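First comes the structure, then the notes that go with it.
Bear in mind the structure is a predicted one, so any value in this text is a computation, not a measurement. Letters A, B, ... mirror the listed sequences (proteins, then strands); counts begin at 1.
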Number of protein chains: 2
Amino acid sequence: MSQTVDRALSILPLLARGPADLGQVADALGVHKSTALRLLRTLHEHGLVYRQEDQRYRLGARLFALAQEAVENLDVREIAHPHLVGLGERTGHTVHLAVYEENEVLYIDKVDSRYPVRMYSRIGRPVAITVAAVAKLLLADLPEPERRALAAKLDYPMYTPRSTPNAAAFLQELATVREQGWATDLGGHEESINCVAAPVRGADGRVVAAMSVSAPNVVVTADDLLALLPLVRRTADAIGREYSGTSTAKDPA
Amino acid sequence: MSQTVDRALSILPLLARGPADLGQVADALGVHKSTALRLLRTLHEHGLVYRQEDQRYRLGARLFALAQEAVENLDVREIAHPHLVGLGERTGHTVHLAVYEENEVLYIDKVDSRYPVRMYSRIGRPVAITVAAVAKLLLADLPEPERRALAAKLDYPMYTPRSTPNAAAFLQELATVREQGWATDLGGHEESINCVAAPVRGADGRVVAAMSVSAPNVVVTADDLLALLPLVRRTADAIGREYSGTSTAKDPA
DNA sequence: TCCATCTGTTGCATTGTGTGCAACGGTCAT
DNA sequence: ATGACCGTTGCACACAATGCAACAGATGGA
């Protein structure tokens, strides 16, 4: 839409492939050198482009700072919330959203079809980390050494006979969860409560959050709950797509 | 220099602080809504900006992809090389550059004042990881669980009586190195060879490479070599600054 | 040492391009 | 229903971005 900006922005992917000098940039854009110079200058003033000692241009540090700041200010909860509500309405069950932070798994949002309780604090409740379906998904995605170290440090309280008994069993369960891409908690925390959960993945494929649907087995059997899995996964994927900002440049003509 | 591009780029830091709608962007830039719209559209076409479901704008995934690609294509060696040459000329000793990769420390460049040998292959020689000064720096920067796991897996060959004997001693040494920000190898690999090394840090402070100066003690004593430490550190810092693209937007007036 | 050549840089006239305006069409809340 | 608000489009105007040509500085060869 805007030729000048369009040209300037076209420089960025060019430079991402490696440093280039003025002439190369001008040629790639099909413009005069002086034009390319002015564009590069503007990019430079904004720190998006850096001029190295041999006078060639590369992408600048500001770009990384921007990306980082954007990620930090990205609120998964804000983006996820409408999806949680939708899922709550369709299933009628309680929906949770959780994240991993500093050796803990925290609930950061919760929606129940009967009484929607929004937790506004950024710091929510810690989760029963050894048994909750969301915790399994979040921990399964950790780098291997960190995962092992954490598993070794945890306590394994036997909330019910079906709770995860020890680190070995837990690591085994995490491997399974990692493999299949979803998780359950069938009466591991409270005897009569079952959960199914799916991961929300960021642009780089890493699990940024996990979402679960929970219901007491007096209302629905575990099998019925498992039947919701495809829906839960689809919803989690949708959140992930929106969170990642997956938009392939141009709109379809 | 270029008004249009200048305005467009000013949108990015704005959006980094959180999503904003068209009106807010237009106000912040001090332009008409239609102008802001066209700028945002152009940014959108390039994927730098993403439009979420509530029609507000945020930074897009392409920004992260760009940053990532740039980092991958950033060649520490290419940037560092002239600095290594300079250091080699000033000291007359052998200068090494090394990086950490997949549980190994690799030499990726080497300069000797007598016969400058450039290693062109991306895969250089693995380093004696338990004793080399550059290895200590690189491993000292790893996240704690990964560092412990690696230390436990390593062999500790006694190249000389001064070699690091076991994992405990190694981890202790790494703690010291991490603390002081530089490292040495005094006859730990070959009886008569000493090294001093300093870390090259990226924009986020993480150690991306390490550089060392080595000399046999028949030429210079260990003390004389240590006297070069400030110079080595300054050079490593200079490489780090250039690698990070540390340019604070506007030039001083 | 001088000249040739390459790169990045500046001033200027032209016109193409970005701009603001005003009017339109949605959506939401009252 | 009705008003207010936000995003969107078409258009005429003016300004800002463009290409040109000339300059400067570095590099390298003769």
Pick out the pairs of N or O atoms, protein on one side and nucleotides 13-15 of chain D on the other, that lie under 3.5 Å.
none

For DNA chain C, which residues in residues 17-28 of chain A have a heavy atom at a distance below 4.0 Å?
->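 A:D21, A:L22, A:G23 - these, ordered by number, are the residues of the stretch whose heavy atoms sit under 4.0 Å from the strand.
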Sub-4.5 Å side-chain heavy-atom contact between B:D27 and B:Q24 |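 They are not in side-chain contact.
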So do B:M211 and B:V134 actually touch side chain to side chain, heavy atoms under 4.5 Å?
->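 No, every pair of side-chain atoms sits at 4.5 Å or beyond.
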Summary of salt bridge (Lys or Arg N to Asp or Glu O under 4.0 Å) pairs that have at least one residue in residues 55-70 of chain B, sequence neighbours excluded |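 Of all non-adjacent pairs touching residues 55-70 of chain B, those that pass salt bridge (Lys or Arg N to Asp or Glu O under 4.0 Å) are A:E78-B:R56, B:D54-B:R56.
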Phosphate oxygens OP1/OP2 of [N]: is one of them under 4.0 Å from a side-chain N or O of [X]?
X: B:T4; N: C:dG18; answer: no
X: B:S2; N: D:dA17; answer: yes
X: B:R7; N: C:dG18; answer: no
X: B:T35; N: C:dG20; answer: yes

Would you tabulate the nitrogen or oxygen pairs shorter than 3.5 Å linking the protein to nucleotides 23-29 of chain D?
none

A:N194 (side chain) donor-acceptor with A:A215 (main chain) under 3.5 angstrom =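 No, the answer is negative, given that no donor and acceptor are paired below the 3.5 Å cut-off.
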Between A:H44 and A:V49, is there a donor-acceptor pair closer than 3.5 Å when you use the side chain of the first and the backbone of the second?
->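 A pair under 3.5 Å: yes.
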State whether a side-chain donor-acceptor pair under 3.5 Å links A:D109 with A:H81.
->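 A pair is found: one side chain offers a donor N or O, the other an acceptor, under 3.5 Å apart.
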Sort me out a list of protein N/O and nucleotides 28-30 of chain C N/O pairs below 3.5 Å, or just none if empty.
none

Out of D:dT8, C:dT9, C:dT19, which nucleotide sits closest to the side chain of B:Y57?
->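 Nucleotide nearest to B:Y57's side chain: D:dT8.
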Nearest-Å distance, NZ (B:K33) to C1' (D:dT8)?
->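 These atoms are roughly 9 Å apart.
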B/S/- along nucleotides 10-15 of chain C (protein heavy atoms under 4.0 Å) is B-----
